[in-house]
Every structure is written in C-alpha cells, then in structure tokens.
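Taking it in order: structure first as structure tokens, then the write-up.
Letters A, B, ... are given to chains in the order of the sequence lines, protein chains preceding strands, and every chain is numbered from 1.
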There are 2 protein chains.
Amino acid sequence: MSTNKYAIGIDFGTESGRAVLVGMKSGEEIATAVYSYENSVIDKKLPVDGAPVRLEPEWALQDPQDYIRTFQQTVPAVLSQAGVDPEDVIGIGIDFTACTMMPVKNDGTPLCALPDYRRHPHAWVKLWKHHAAQPEADIINATARRLGESWLDRYGGKISSEWFFAKALQILNEAPEIYAAADRLIEAADWVVWQLTGVETRNSCTAGYKAMWSKKEGYPSDAFFRELDPRMEKIIDKKMSRAICPIGDKAGELTSRAAAWTGLREGTAVAVANVDAHVSVPAATVTEPGRMVMIMGTSICHMLLGEEERRVEGMCGVVEDGIIPGLFGFEAGQSGVGDIFAWFVNNGIPAAYEREAQERAMDIHQLLEEKAALQKPGQHGLLALDWWNGNRSVLVDVDLSGLLIGATLGTKAEDIYRALIEATAYGTRVIIEAFEKNGVGVEELVACGGLPEKNKLLMQIYADVTGRNIKISAAKQTPALGSAMFGAVAAGSRAGGYGTIFEAARRMARLKDEVYQPIPANRKIYDRLFAEYVRLHDYFGRGGNNVMKTLKRIRDEVS
Amino acid sequence: MSTNKYAIGIDFGTESGRAVLVGMKSGEEIATAVYSYENSVIDKKLPVDGAPVRLEPEWALQDPQDYIRTFQQTVPAVLSQAGVDPEDVIGIGIDFTACTMMPVKNDGTPLCALPDYRRHPHAWVKLWKHHAAQPEADIINATARRLGESWLDRYGGKISSEWFFAKALQILNEAPEIYAAADRLIEAADWVVWQLTGVETRNSCTAGYKAMWSKKEGYPSDAFFRELDPRMEKIIDKKMSRAICPIGDKAGELTSRAAAWTGLREGTAVAVANVDAHVSVPAATVTEPGRMVMIMGTSICHMLLGEEERRVEGMCGVVEDGIIPGLFGFEAGQSGVGDIFAWFVNNGIPAAYEREAQERAMDIHQLLEEKAALQKPGQHGLLALDWWNGNRSVLVDVDLSGLLIGATLGTKAEDIYRALIEATAYGTRVIIEAFEKNGVGVEELVACGGLPEKNKLLMQIYADVTGRNIKISAAKQTPALGSAMFGAVAAGSRAGGYGTIFEAARRMARLKDEVYQPIPANRKIYDRLFAEYVRLHDYFGRGGNNVMKTLKRIRDEVS
C-alpha cells in the first residue's frame with residue numbers, strides 16, 4: 001500500500017465533541033476539530049419553544065441532535081485541515097461518556113425529537129451526571145442484596161445512580177408513558193454508531209460497566225427485573241438486546257446519509273462504540289496486565305487488565321472484553337481530583353497570590369505548583385482526606401466529605417494545595433493496594449488526561465507516594481486516538497488498518513520519553529504519611545466515626 | 001467631698017502602654033493616651049550600639065526604659081486632655097502582661113541598663129511570649145511529677161514555658177553570671193510599681209498564676225528548687241520575696257521622682273500590680289462566683305471566681321486572692337481565637353471577596369460576618385477543631401493542630417469562617433463544662449476585649465453554643481479601667497476613692513444594655529454539633545489518634 005491511510009476517532013465529551021484524524025503508520029494526530037454542543041448540559045429547562053419546562057435538581061440531559069451536529073461539523077473540518085482524500089480514511093471509531101442513555105423508537109428516532117414527547121424531560125438523553133435516579137439505585141442495590149444477586153460483587157458491592165437500570169427505572173417510575181413509548185433504551189454511544197451505520201449494536205464496554213452484563217452470565221435475570229417492577233421484567237428482550245459486540249469488532253459501514261454528513265466515503269468501516277476512559281487504555285500503549293492507566297482530570301479513572309476475574313473492594317466494575325478483547329478489564333476511580341484543586345483555587349487563594357500570578361503572567365495553578373514544589377514531603381505538616389466529592393473507590397460512599405488536619409497559624413495556601421495533591425495520590429495508592437491485595441498486580445502507571453500535562457509536581461508526588469514509575473501518554477487527545485485505533489481495527493489489515501488492537505497499539509500508541517520515578521527519600525516520608533492517611537481513611541470511611549454523614553444529615557435537615 | 005475625683009489606670013501591653021483617666025463617680029473613661037514602645041518586642045537583635053547582638057529563635061525581650069517612657073508620655077497627656085487638676089487624681093493602678101520578668105539590682109536598676117551587661121540578652125526583660133525556655137519548663141514539669149509536688153494540680157497538671165521559674169532557670173542554665181549578678185528576679189508588673197513608689201512589692205496575682213505561689217502553701221519548697229539546680233535552692237529568699245501583697249492592697253505612694261515623670265502629686269496612692277486579664281474581671285462588673293469573664297481577642301482568657309479551691313482539668317491556674325481578695329480566682333484559656341480568624345482572612349479569602357469588600361467599603365471580617373450570618377446553624381456542613389495555635393484548656397497541648405471536616409466542592413469561604421467561629425465557641429463550652437463538672441458553676445458570661453465589639457454573629461454563636469446569656473463590658477479599655485478601680489481602692493474612701501474592690505466595681509464598672517441570649521432552635525442544633533466536636537476533640541486530643549503530633553514530628557524532621 002503506497003499511500004498513507006488514516007482513521008478518525010470521535011470523542012463525545014460532556015460539553016463538546018471532538019474529532020481527531022490520525023495517521024495509520026505511527027498514530028500521529030494530524031488534525032483536530034471541536035464542536036461545542038449547542039444545548040450543552042441541559043440542567044435548568046428544556047430547549048423547547050413555548051412555556052418553559054423546568055427540570056428538578058440533580059437532572060442533567062442532552063440533546064441527541066448535538067451528537068449529529070458533531071459529526072457534521074468536526075469530520076469535514078479535520079478532512080479539510082489535513083487535506084486528506086476521504087478515500088484514504090479507512091475507519092472510524094467513537095467513544096462517549098457513559099452511562100449516557102436515551103429512549104428511542106425502533107428506527108432510532110429519539111423520543112425527544114417527536115412532537116408528542118418533546119416537552120417531556122424523560123424523553124431526552126440522560127447524561128452520565130444525571131443524579132436524580134438515586135432512589136432507583138437504592139432500590140436496585142437493596143433488591144440485589146436481598147436476592148443475593150451474583151453480579152453485585154463485580155461492581156464493588158454497589159451500583160451507581162449514574163448507571164443504566166437506575167435511569168431506566170426512573171423513567172418507568174416517573175413517566176411510565178415514556179417508558180412504554182420507548183421501543184428501545186440505548187446508550188448514546190451505541191446510538192451514534194447506529195446513526196453512522198444504520199445498524200443497532202450494543203458494545204461490551206457500556207453493557208458490562210454500566211448495565212451489569214457479563215460475558216459468562218449475561219444480564220441480570222428477568223426475575224430480578226420483575227422484582228424491581230413487573231413492567232420491567234422483559235426490558236432486555238423488549239427494549240435492549242442480548243447480542244453484545246465485543247470491543248474491537250466492526251459495527252458496520254458508513255451509510256450514504258452519514259457519508260453525506262461527514263464527507264467520508266460510504267462504506268467506511270465503523271468500530272463498535274466505546275467509552276472515553278476505557279478507549280484510552282490501548283491509546284496509552286496498555287494492552288496487557290500489570291500497567292495501570294490513570295485518566296487524570298477532574299476525577300481519575302483507574303483502568304487495569306487481568307487474565308482472570310477478581311473481586312476487588314470498591315472497584316467500579318470488572319468486565320470481560322470490557323477494555324481489550326480477551327482480557328478482563330478492571331475499572332476503579334476517584335470521584336474528585338482536579339475538581340478539588342479547582343475548588344481550592346476558586347475558594348481558597350488569597351488576593352496576593354492572584355496579584356502575583358497576574359504580575360508574572362502565570363496561571364494560579366502554576367504559581368501554587370512553583371511554591372509547593374519548594375517544599376520537602378511532610379514539611380507543611382498537613383494531611384487531607386480527598387473526599388470533597390465523596391469517595392468512589394474503594395469506599396463507594398458519596399456522603400463522605402473532605403478533611404484537612406494539621407493546620408497552624410503558619411499554614412499557607414501552597415501548603416494546603418500540596419496537601420490536597422498528596423491526598424489524591426494517597427487515594428490512588430489505596431486503590432492500587434486493593435488491587436494487589438486481590439491478586440491483580442500493578443507494576444507501573446501510565447497517565448493520560450489533562451493533569452499530567454499541567455502539573456509536574458503532581459506527577460512526581462504520585463510516583464513518590466505510589467512507589468511506581470509513571471509514564472505519560474504521548475497523545476494530545478488520548479481517547480480520540482484510542483477511538484481512531486479501534487477504527488483502524490474495524491477497517492482491518494487488508495484495508496490498510498490493523499488486524500487486532502494489540503497490533504494497532506504497538507504501531508499507533510506512544511509514550512513520552514519522560515518517566516516520573518519515585519525518589520527513595522521522598523518515598524520513606526510518604527510511606528509514613530500514607531499510614532496516617534489510611535488510619536484516618538478507615539476511621540472516617542469505615543464507620544469508626546460517621547461524623548461526615550451526620551454533618552450532611554444536619555445540613556439537609558436545616559436547609 | 002464636692003469636687004470630682006479621678007484615678008488613672010495604666011495598661012502595659014505587648015506593643016504599647018496605655019493610660020486611661022477615669023472618673024470616680026461612675027467610672028467614665030475621660031481621657032486615654034497610648035505610648036508605642038520605642039523598642040517594642042525585641043526578637044531579632046538587641047537595641048545596642050556596636051556590633052549587633054542577635055537573638056535565637058523563640059526569644060522575645062523588652063526594654064524596661066519603654067515602661068518608664070510610658071509613664072512619662074501617657075500620664076501628662078491624659079491630665080492635659082482632661083484638664084484635670086493633679087490634686088484630684090487620688091490613685092494609680094497598673095496592669096501588665098505576665099509572666100514578663102527581669103533581673104535587677106537591689107536598688108531596682110535593670111541589669112540591661114548597666115554597661116557590663118547591656119550586650120547580654122539574658123540581662124533584658126523576658127516578655128510573656130519569650131518561648132525559648134521550653135526545655136526548662138519540661139525539666140520543671142518532669143521534676144514536679146517525679147517528686148509528687150502538690151502544686152502541680154493547681155495548674156492543670158503542667159506549667160508553661162512562659163512562666164517565671166522556666167525563665168529563671170533558663171537564665172541560670174545559659175548565663176549563670178547574669179543569674180549571679182541579679183540581686184532580684186521580678187515581674188515587670190511589680191518593677192514598674194517599685195519605680196513609682198520606691199517600694200519593692202510582689203503581687204498575689206503574678207505570684208499565684210505564674211510562680212506557683214499559693215496563700216496556704218507559699219512557693220514550692222527550697223528542696224524542689226535544689227532538685228532543679230543546687231544554685232537555685234534559695235531563689236525565693238535571695239532573689240524574690242515570701243511577702244506577697246494581695247490584689248487590692250496599696251503598694252505605696254508616688255515618689256517625687258515619679259511625680260516629676262507623671263505630673264501627678266507626690267504621695268498619690270499606688271495599687272499593688274495586677275495582670276491585664278485578671279484586672280478586667282471587676283472592670284467587667286464581676287466580683288462574685290457564677291459569672292465567667294471572657295477576655296476575647298487573639299486568644300481568650302476565661303476568668304471565674306469561686307468560694308473554694310477546686311481542681312479543674314487543664315485550667316491555667318487557681319489562686320486565692322489572685323483576682324479578687326477573699327475569693328479563689330480560676331483562669332483557663334484558649335490559645336487561638338481571633339488569631340485563627342486573622343489567619344483565615346490573610347490566607348484563605350479569595351480575591352473576589354477582597355474586591356467586594358473594597359467596593360462596599362467594608363472590612364473583610366465584616367463581609368464574611370454578613371455572609372455567614374445568612375446561614376442557619378449546621379447549614380454549611382462543616383466542623384472544625386480550633387487548635388491552629390495548639391490547645392491551652394483543657395488539653396494543655398501545644399502540639400495539637402487545626403482540623404476542618406465536611407468540606408465539599410460547594411464549600412465557600414464564609415462557610416469555613418463560620419465553622420472556625422463555631423469551633424472556638426465549642427472550645428469555650430468544653431472549658432465551661434470542665435468547670436461545672438468540678439463544682440464551679442458558670443451561669444452567665446461577660447465578655448470584654450476586641451472581639452465582642454467587632455462581631456455580633458460571633459457573640460450570638462457563643463450564646464447559642466454555650467446556652468448562656470452573654471453580657472458585654474461597657475468599658476472601652478477594660479484592663480485600664482480595672483487598674484484605675486484598684487487605684488481608687490488603694491486611695492481609699494476617705495480620700496474620695498473606695499474601701500473595697502466590691503464597692504468600686506458597683507460604682508465604676510458597667511455593662512452594656514445589650515444581652516446575647518441563646519436562641520432555642522439554634523441551641524438544639526449546636527448541641528448535636530457539639531457532641532460531634534467533643535468526639536473529635538477526645539479522639540485527636542486524648543490519644544485516640546496522635547496524627548497531629550506525628551505530622552509535627554515529621555515536619556520538624558524534614559525541615
């Protein structure tokens with residue numbers, strides 16, 4: 001094959017969608033285009049004409065038309081930027097936030113696009129961070145515990161209100177007419193692939209991590225769903241599908257309609273849908289056990305592969321074929337990381353620091369990093385529990401809250417900033433140790449996402465605290481690169497792509513040269529501080545003192 | 001007696017001395033003058049000619065000449081401001097920081113005023129906040145425990161490095177030649193009275209609270225001092241005095257030299273010296289058991305009277321005649337209060353708040369108070385331990401540190417500000433409960449000092465948390481008024497003053513009309529939050545988890 005071949009990865013985020021055109025030979029990111037969703041996150045009122053339709057607190061919806069506009073805007077833009085012949089684009093892959101789900105008709109038409117349902121909130125896409133289905137999640141968890149459902153353990157003993165059946169049950173409870181009108185309930189990830197290919201597929205990643213499906217056991221039983229609500233008994237067969245496509249499969253080919261949207265060739269191979277965090281794993285070069293990928297941003301997702309299914313305390317899920325075909329994919333996470341630093345910068349930085357940052361034309365994070373980097377570990381005398389946004393792994397408890405201890409009249413903003421960074425690193429170490437304790441080894445860390453680019457101090461602290469080398473993905477847009485790689489696999493080697501994701505990863509994924517290595521002297525101090533962190537973690541997180549919950553309960557009572 | 005009579009109270013503070021001219025009839029503060037000490041707090045190098053003499057960390061000295069200048073500057077100033085005939089000023093009282101002590105010759109000449117010793121740091125006045133005698137305090141505490149000294153219990157089981165014999169032992173250890181050259185070791189409070197009267201007296205307040213003297217048992221035994229150091233065996237008889245004058249006595253009369261300094265009449269009555277916090281008690285109208293006086297500023301002193309000696313956990317001291325003659329005076333305290341709020345305002349307030357305060361021409365404390373006052377108790381979901389500056393009562397542990405719990409991504413600066421105020425109120429409640437548990441009743445609180453004037457929210461929170469009415473001293477300068485009252489008692493009723501401090505208090509001390517009363521609904525919430533505070537207090541303060549000490553130890557190791 002003499003000409004260069006390309007794949008396009010499209011990453012559907014919370015506020016925008018992003019396409020990246022990637023070269024087949026070495027995975028170089030040739031062109032990028034971003035579309036900011038017209039209706040973004042819908043959390044106040046529906047974007048409809050006429051009398052306003054207001055949403056309850058904790059709701060978060062999206063407009064599926066924004067996803068179509070993402071195709072229409074970004075793909076032609078990258079083609080034109082790169083000056084690439086559409087004939088040379090051999091495959092497309094997409095990744096999405098999850099669980100982001102929607103009710104549609106048999107032909108794929110979203111209910112919210114139909115005049116009859118357009119003014120009904122439950123007809124719209126429920127975004128991953130729609131948190132109004134907590135009562136339904138509570139019911140699901142209680143029912144599963146009561147019935148001794150075997151799948152519960154695969155999800156650290158508790159499912160989240162963000163997940164598929166909590167959202168589906170909320171529709172049924174609050175809007176049975178919408179539930180009835182929905183021929184299909186589907187992940188937005190699978191829906192956009194359907195829009196590209198004309199074929200409805202269901203991917204193993206969202207099915208496994210968000211809808212309690214497993215390759216061996218399938219979905220929870222009809223009996224379980226009947227127990228939740230008799231009307232829900234046949235949800236799988238009637239509104240979903242038992243046919244689950246493993247990650248790495250080809251979903252179909254571009255229809256003429258989708259070819260017209262994108263400017264690509266009809267018949268271009270389209271990969272089975274994927275999830276942003278999960279698709280980042282091979283894009284960060286990881287296709288084997290032993291190296292944990294951390295997608296580091298407002299929160300951290302910890303992704304790890306294993307040969308066997310293991311139960312690990314507080315993990316988000318373990319799914320066979322969930323990340324890489326043929327392996328078990330483990331997911332764990334910290335619910336607040338960059339979010340906490342942003343909170344601190346917005347709420348806790350004195351004006352003098354802001355002035356200094358302005359005068360020196362620095363970002364305030366940079367200034368704090370500079371000041372904090374002058375300290376030795378332990379020098380600020382502080383310790384924090386990184387639970388400003390609750391705790392996902394390993395405690396799975398949204399009612400936990402942040403703690404700072406050790407403050408004196410000499411404590412400075414940079415001390416607290418550094419303590420918060422360290423707290424999130426201790427949180428990651430707790431997760432690593434939970435995996436190792438259950439026989440899933442973690443020898444090395446590979447980081448991607450926004451934080452590793454921005455904060456070298458943070459990366460060194462993570463290396464020192466975890467005692468592991470950390471390498472950094474070379475991709476600017478790791479999820480989009482991962483999607484493009486799966487697009488290349490969907491196209492296959494005969495078309496100029498790759499036969500397997502393993503081969504694609506070897507050729508298209510790269511790490512930066514820099515490696516953050518633990519500094520032995522720092523490790524020693526951090527080992528001692530981590531022991532104190534664990535003691536506080538267990539005391540406040542495992543029932544020794546439930547003051548965090550009491551404070552929230554009192555807050556809710558008086559508010 | 002037809003003409004008005006007056007007394008002058010002189011309050012020697014940390015940075016300045018202040019004289020207030022007070023009318024005898026109703027205690028009105030007629031004129032005030034302040035002298036800022038020329039050499040202020042000496043903590044870097046001695047104010048001497050020639051090669052610099054630098055001080056070690058933790059040192060804090062003063063220049064006794066600044067006290068003389070205070071007399072020379074402030075007394076003539078108040079006389080002239082008020083246009084009062086010096087003949088009508090019938091008495092003078094002084095109060096001082098304590099323990100602020102100094103080595104002098106038999107004639108009262110400070111060693112630091114003599115050329116031979118002027119360049120020696122140990123020859124100068126050791127200010128109350130000289131903290132370099134901690135090793136000596138440790139030795140004194142260990143020795144007292146070993147010998148089972150009965151006086152230890154009167155001081156909550158531990159004496160402070162700020163106190164008299166710790167400072168004296170430091171002189172002996174580090175500068176035996178200064179110790180030998182010091183004919184007398186004396187509180188600066190007593191020394192300034194000596195300078196006014198020509199008579200060396202020792203007051204029962206500093207002797208009792210700072211030098212372990214008691215009316216029944218006197219000083220610790222010679223045997224105890226011998227155990228500390230054989231050269232110290234006879235310290236009381238050789239360098240101090242066993243004759244202790246109760247508070248309320250007349251020390252002597254103004255000498256011609258002091259009359260020339262001040263413009264007052266030679267022979268004017270001078271009261272026995274007093275301490276700033278203690279002298280505030282009658283000035284806040286309290287001369288009987290049951291009402292606790294809180295002197296609220298950077299820290300809080302809690303002063304309480306009782307009919308009997310009681311041992312109360314963690315109190316600073318109990319001294320018969322220590323505050324009011326004939327009663328036992330109890331002192332307890334919180335080592336950080338206004339200090340913590342100042343720390344927060346300097347280190348934790350975002351620029352947007354500073355801009356808003358500027359635009360609205362408000363103090364930042366006012367702005368935070370306004371925002372925090374909009375909340376109900378418990379609404380911010382936070383709880384703090386107010387140990388930014390360690391804990392004085394009841395734990396007596398300088399190595400404890402601050403804790404904040406309950407933070408979320410929605411936590412605002414005003415939430416933390418309010419939580420810090422509440423934490424200091426919980427700290428006061430712990431002290432009140434310790435007194436009550438040991439049979440010393442606290443029915444009502446009387447506040448004086450800087451904070452009650454500035455922050456109404458704080459006062460209401462203290463009322464709600466403690467469940468007690470709080471009244472406020474009407475005096476602008478409560479300690480100086482108290483000193484003037486003792487001046488009036490020293491003059492006596494025949495000269496136009498008063499026969500007793502009880503009578504002086506009835507006539508000269510007043511409270512404001514406003515009373516902060518507990519709001520029942522708030523009390524209920526605060527009772528629940530206080531229970532959580534106590535649990536954290538005991539866990540981190542009584543050995544359940546020594547993480548605060550561990551963090552300080554690691555900090556000291558790496559620094």
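- Only the backbone of I349(A) comes within contact range of chain B, with heavy atoms under 4.5 Å apart.
- Between the CG atom of N389(A) and the CG atom of L409(B) there is a distance of 4.5 Å, given to the nearest 0.5 Å.
- Between the CD1 atom of I405(A) and the CD1 atom of I405(B) there is a distance of 8.5 Å, given to the nearest 0.5 Å.
- Contact of T550(A) with chain B is made through the side chain alone, with heavy-atom distances under 4.5 Å.
- Looking at E354(A), the atoms closer than 4.5 Å to chain B (heavy atoms on both sides) all sit in the side chain, from C-beta outward.
- In this structure the side chain of T408(A) reaches within 4.5 angstrom of the side chain of K552(B), judged on heavy atoms.
- Put simply, of I416(A), T411(A), L529(A), the one with the most heavy-atom pairs under 4.5 Å next to chain B is T411(A).
- Contacts of Q375(A) with chain B are absent, with no heavy-atom separation under 4.5 Å from either backbone or side chain.
- Smallest separation of non-hydrogen atoms from A407(A) and S401(B): O-CB, 3.5 Å.
- Interface residue N346(A): only backbone heavy atoms are found under 4.5 Å from chain B.
- Your options are N546(B), N347(B), D556(B), and the one with the most heavy-atom pairs under 4.5 Å with chain A is N347(B).
- For the options M548(B), K376(B), R535(B), heavy-atom pairs under 4.5 Å to chain A are most numerous at R535(B).
- When the shell of 6.0 Å around NZ of K549(A) is examined, it contains more than 12 heavy atoms from other residues, nucleotides or ligands.
- Residue S559(A) comes nearest to Q379(B) through the heavy atom pair OG-CG, 3.6 Å, listed as atom of the first residue, atom of the second, then distance.
- Around NZ of K454(A), the count of heavy atoms belonging to other residues, nucleotides or ligands within 6.0 Å does not exceed 12.
- For I525(B), the part lying under 4.5 angstrom from a heavy atom of chain A is the side chain only.
- Looking only at side-chain heavy atoms (C-beta outward), Y539(A) and N545(B) stay at 4.5 Å or farther from each other.
- Within the 4.5 Å cutoff, no side-chain heavy atoms of L551(B) are placed close to those of L382(A).
- Residues V547(B) and L383(A) have side chains in contact (heavy-atom distance under 4.5 Å, counting atoms from C-beta outward).
- Among G336(A), G378(A), G402(A), the residue making the largest number of heavy-atom pairs under 4.5 Å with chain B is G402(A).
- Proximity of a side-chain donor or acceptor of W343(B) to a complementary backbone N or O of K412(A) within less than 3.5 Å is not detected.
- Closest heavy-atom contact between G348(A) and P350(B): N-CG, 4.5 Å.
- Between F540(B) and F540(A), the ring planes lie parallel to each other; the angle is under 30°, not in the 30° to 60° tilted range.
- Between I554(B) and R528(A), some side-chain heavy-atom pair lies under the 4.5 Å cut-off.
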